[in-house]
Number of protein chains: 2
Amino acid sequence: MTDVTTASPPASSQATAPTRDRLIRAAAELFRNKGYNGTGLAELLAVAGAPKGSLYHHFPNGKSDLALAASTWASDQMLALIDAAFAPAPSFRAGATTVCYKLAKLFDKQGKWSGCPVSATLFAGPENDAFRQHAADLFESWIAATARHAQRLGLPQEEARAAAENFYILLQGGWQLARVRRDSDVIRALHTQMQMPPQKTD
Amino acid sequence: MTDVTTASPPASSQATAPTRDRLIRAAAELFRNKGYNGTGLAELLAVAGAPKGSLYHHFPNGKSDLALAASTWASDQMLALIDAAFAPAPSFRAGATTVCYKLAKLFDKQGKWSGCPVSATLFAGPENDAFRQHAADLFESWIAATARHAQRLGLPQEEARAAAENFYILLQGGWQLARVRRDSDVIRALHTQMQMPPQKTD
DNA sequence: ACAGCATTAGACCAATTGGTCCAGTCAGGA
DNA sequence: TCCTGACTGGACCAATTGGTCTAATGCTGT
């Protein structure tokens with residue numbers, strides 16, 4: 001949850017200003033709880049402990065720039081979670097199960113409310129197509145990463161892709177149901193619902 | 001919530017522009033596109049063609065009251081869709097498939113963007129627990145209705161409930177992926193991903 | 001006709017929104 | 001040392017936010 005080795009900003013020598021980081025973290029947290037439009041700059045800055053000037057220094061386009069950065073950061077965390085879960089797994093099903101458990105635990109720790117930061121910005125509205133496209137790219141990277149693991153764990157390419165997409169859909173749907181019920185067990189039970197060739201459940 | 005007892009002017013209202021109805025429709029449409037917080041009252045009233053006074057007459061608590069009513073209305077439409085799809089279906093799987101196709105068609109007609117109005121209000125934020133509870137109730141009614149059909153179509157009670165919940169999760173997850181990709185085929189293909197006991201009823 | 005109600009119309013409001021601007025502060029290179 | 005540019009701090013802004021209030025306007029039944 002710590003290291004953010006962002007791609008080097010254009011012609012700057014500074015290594016990841018803490019303020020910029022705090023802004024991203026605060027944005028990710030608030031957006032996933034209250035949505036993009038539901039989060040005001042005032043609150044954002046208060047949580048981040050940064051003045052307005054800093055925001056517009058680090059993110060010249062303001063809130064929207066920050067939202068893109070925050071969702072990318074959150075997506076990277078998710079990718080890390082996926083890798084961490086699948087890397088030691090003996091099978092795709094086992095890895096997927098671990099993802100569910102890790103996510104459920106995170107969900108509990110965050111107060112049984114927070115949703116997916118990426119969809120939180122996506123839902124900002126149709127007029128901002130850049131947001132939608134960004135979310136599409138991030139989600140695609142989740143699916144691709146999952147498919148890669150599936151293939152590595154023995155599934156043929158076509159099946160791997162299908163399983164990854166199926167898993168992603170379950171994850172998002174389940175996440176939402178867990179959120180509305182404030183019950184992380186929904187996420188924990190998701191692996192049960194995966195459509196897979198018969199294997200043993202660990 | 002406003003009491004429903006007074007608010008039932010019968011069928012002739014459709015053509016003659018009942019203000020309360022127009023408000024609900026406009027709210028449902030805007031919320032599902034831009035979210036609760038992303039929709040301003042000004043725009044809302046412009047779309048509905050109603051002045052502010054009417055809003056606060058019909059919905060004394062303003063925007064939040066309207067949101068509850070709009071999501072209930074939208075949920076009722078969804079329930080009608082579910083019933084219409086399952087009623088003539090020869091099997092649960094067939095009915096579920098029809099739901100997917102109907103929903104996909106609706107999605108296309110609405111501009112390949114609109115999401116679920118119920119989740120749109122849910123995502124308003126954690127401070128309003130009434131919203132969350134309302135969404136939970138509505139979603140539960142979807143699942144219950146689906147489970148009822150499943151049972152009627154031959155599934156044992158326990159399995160029916162599980163199948164309904166699984167279907168709901170797929171629906172929400174798929175809907176979201178369809179939205180981010182602007183591709184209704186994701187929804188159309190959902191029935192493929194349903195987890196069902198080995199039965200050859202379709 | 002009138003009374004009494006439901007509804008509409010929109011002026012008005014304080015608070016908040018996202019955003020701009022600039023005077024400062026500070027570290028590091030010359 | 002002084003200079004320079006990155007960074008911070010916050011005053012300030014127009015626009016918009018959701019919401020209130022009251023005068024007018026119907027539409028009932030009597």
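In what follows, chains are A, B, ... by sequence order, proteins preceding strands, each numbered from 1.
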Taken to the nearest whole Å, CG/D65(B) to C1'/dG18(D) is 13 Å
Under the side-chain hydrogen bond (donor to acceptor under 3.5 Å, both in side chains) test, residues paired with D108(A) that sit two or more places apart: S184(A), R188(A)
Atom CG of L66(A) and atom P of dT17(C): how far apart are they, to the nearest Å? 15 Å
Spacing between L55(B) atom CG and dC21(D) atom P, to the nearest angstrom: 16 Å
Tell me every residue that passes side-chain hydrogen bond (donor to acceptor under 3.5 Å, both in side chains) with Q110(B), counting only those two or more places apart in sequence or in another chain. S114(B)
Ring pair (Phe, Tyr, Trp, His ring centres under 6.0 Å) with F31(B): of W73(B), F131(B), Y36(B), only one passes, and it is Y36(B)
What residues, two or more places apart in sequence or in another chain, satisfy side-chain hydrogen bond (donor to acceptor under 3.5 Å, both in side chains) together with T39(A)? none
Atom pair distance, as rounded to whole Å: CG in N37(B) and C1' in dT16(D): 14 Å
Is there any salt bridge (charged side-chain N to carboxylate O under 4.0 Å, His left out) pair reaching into residues 56-84 of chain A, and which pairs are they, with sequence neighbours excluded? none
Integer-rounded Å distance: dT17(C) P and L30(A) CG: 12 Å
Does anything in residues 40-48 of chain B reach DNA chain C, meaning a heavy atom under 4.0 Å, and if so which residues? none
Rounded distance (Å) that lies between atom C1' of dA15(C) and atom NZ of K63(B): 15 Å
Checking all strands, does S64(B) fall into the base, sugar-phosphate, or nothing category for heavy-atom contacts under 4.0 angstrom? nothing
Of G49(B) and N61(A), the one whose nearest nucleotide on DNA chain C sits closer to the 5' end is G49(B)
Taking ring-ring contact (aromatic ring centres under 6.0 Å, His included) as the test, write out the residues that go with H149(B), two or more places apart. F86(B)
Partner set under salt bridge (Lys or Arg N to Asp or Glu O under 4.0 Å) for E165(B), not counting sequence neighbours: R181(A), R161(B)
Looking at residues at least two apart in the chain, or sitting in another chain, which of them share a side-chain contact (heavy atoms from CB on, under 4.5 Å) with Q133(B)? A136(B), D137(B)
N/O contacts under 3.5 Å, protein versus nucleotides 4-7 of chain C?
from, atom 1, to, atom 2, distance (Å)
dT7(C), OP2, H57(B), NE2, 2.6
dT7(C), O5', H57(B), NE2, 3.3

Write down the distance between OH (Y36(B)) and C1' (dT17(D)), rounded to a whole number of angstrom. 12 Å
Can you tell me which residue among L103(A), L170(A), L177(A) is in a side chain to side chain contact (heavy atoms under 4.5 Å, CB included) with I187(A)? L103(A)
Got a sec, which residues hit side-chain hydrogen bond (donor to acceptor under 3.5 Å, both in side chains) with Q176(B), two or more places apart in sequence or on another chain? S119(A), Q172(A)
Qualifying residues under salt bridge (Lys or Arg N to Asp or Glu O under 4.0 Å), relative to K105(B), sequence neighbours excluded: none
What pairs of nitrogen or oxygen atoms, one from the protein and one from nucleotides 21-29 of chain C, lie under 3.5 Å apart?
none

